[in-house]
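Everything on this sheet refers to the single structure shown next.
Read the numbers this way: they start at 1 and go in the same order the structure lists the ligands and their atoms.
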Amino acid sequence: MDRTFVAIKPDGVKRGLIGNIIRRIEHKGYKIVALKMLQPTLEIAEKHYAEHKGKPFYQSLINYITSGPIVAMVVEGKNVIEGMRHMMGSTVPNDAQVGTIRADFAQTKEFNTIHGSDCCESAHREIAIYFKPEELCENWKTMMEYVWENMPEEV
Ligand code: IDP
Ligand code: MG
């Protein structure tokens, strides 16, 4: 099953949106296999956003992501990387589709409430930054997994 790294960014945590965002992820049927609140260190933030080093917004991005606790998650599901990006909406909240997390909760691209890996390689890299392998809880089933098991074969 596919996995992605998701983080509720400091603005989302400070605004009391943790429950709302997790509810959306659970209602979609995705499985949260790891979850923790942490205060990102400078080292973690720089690793996470290494691809943006040198860009004009890099320093403000680092300041933002280290400005308070985040809620980090590993989320599992069918095509979850693409699915979470779809639920999050575009980077610029006013370009995001109404109903997405960024459209509904954010006003600026600087403070856009949620992070989600953009591809499989990023997901692997980001999960490893925030979680040790033993922090992932894998030996349990969601209701959704029972549903999939009882669905007809995919064609
Ligand atoms: P993404 O989060 O939708 O993948 P990226 O382009 O990877 O978007 O940028 C990472 C994060 O950096 C964004 O979510 C946003 O917080 C911040 N960011 C991106 N572009 C800008 C910008 O032009 N100005 C300020 N912050 C930006
Ligand atoms: Mg990105």
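- The aromatic rings of H48 and H115 lie perpendicular to each other, with more than 60° between the two planes, well past the 30° mark.
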Start with the C-alpha distance between E51 and R125, add both sets of side-chain angles, then the distance that settles salt bridge (charged side-chain N to carboxylate O under 4.0 Å, His left out), and finish with yes or no. CA-CA 12 Å; E51 66 173 303; R125 197 184 69 80; 5.3 Å; no
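- For residues 87-96, no residue pair satisfies the side-chain hydrogen bond (donor to acceptor under 3.5 Å, both in side chains) rule, not counting sequence neighbours.
- W148 forms part of a hydrophobic cluster together with M144, V147, M151, judged by ILVMFWY side-chain heavy-atom separations under 4.5 Å.
- The ring pair (Phe, Tyr, Trp, His ring centres under 6.0 Å) pairs that include a residue from residues 62-100 are Y64-F111, where partners are two or more places apart or lie in different chains.
- Judged purely by atom type and a 3.5 angstrom limit, R3 has no side-chain atom pairing as donor or acceptor with the backbone of A123.
- The residues lining ligand 1, counting any heavy atom closer than 4.0 Å, are K9, Y49, H52, F57, L61, Y64, R85, T91, R102, K109, E110, N112.
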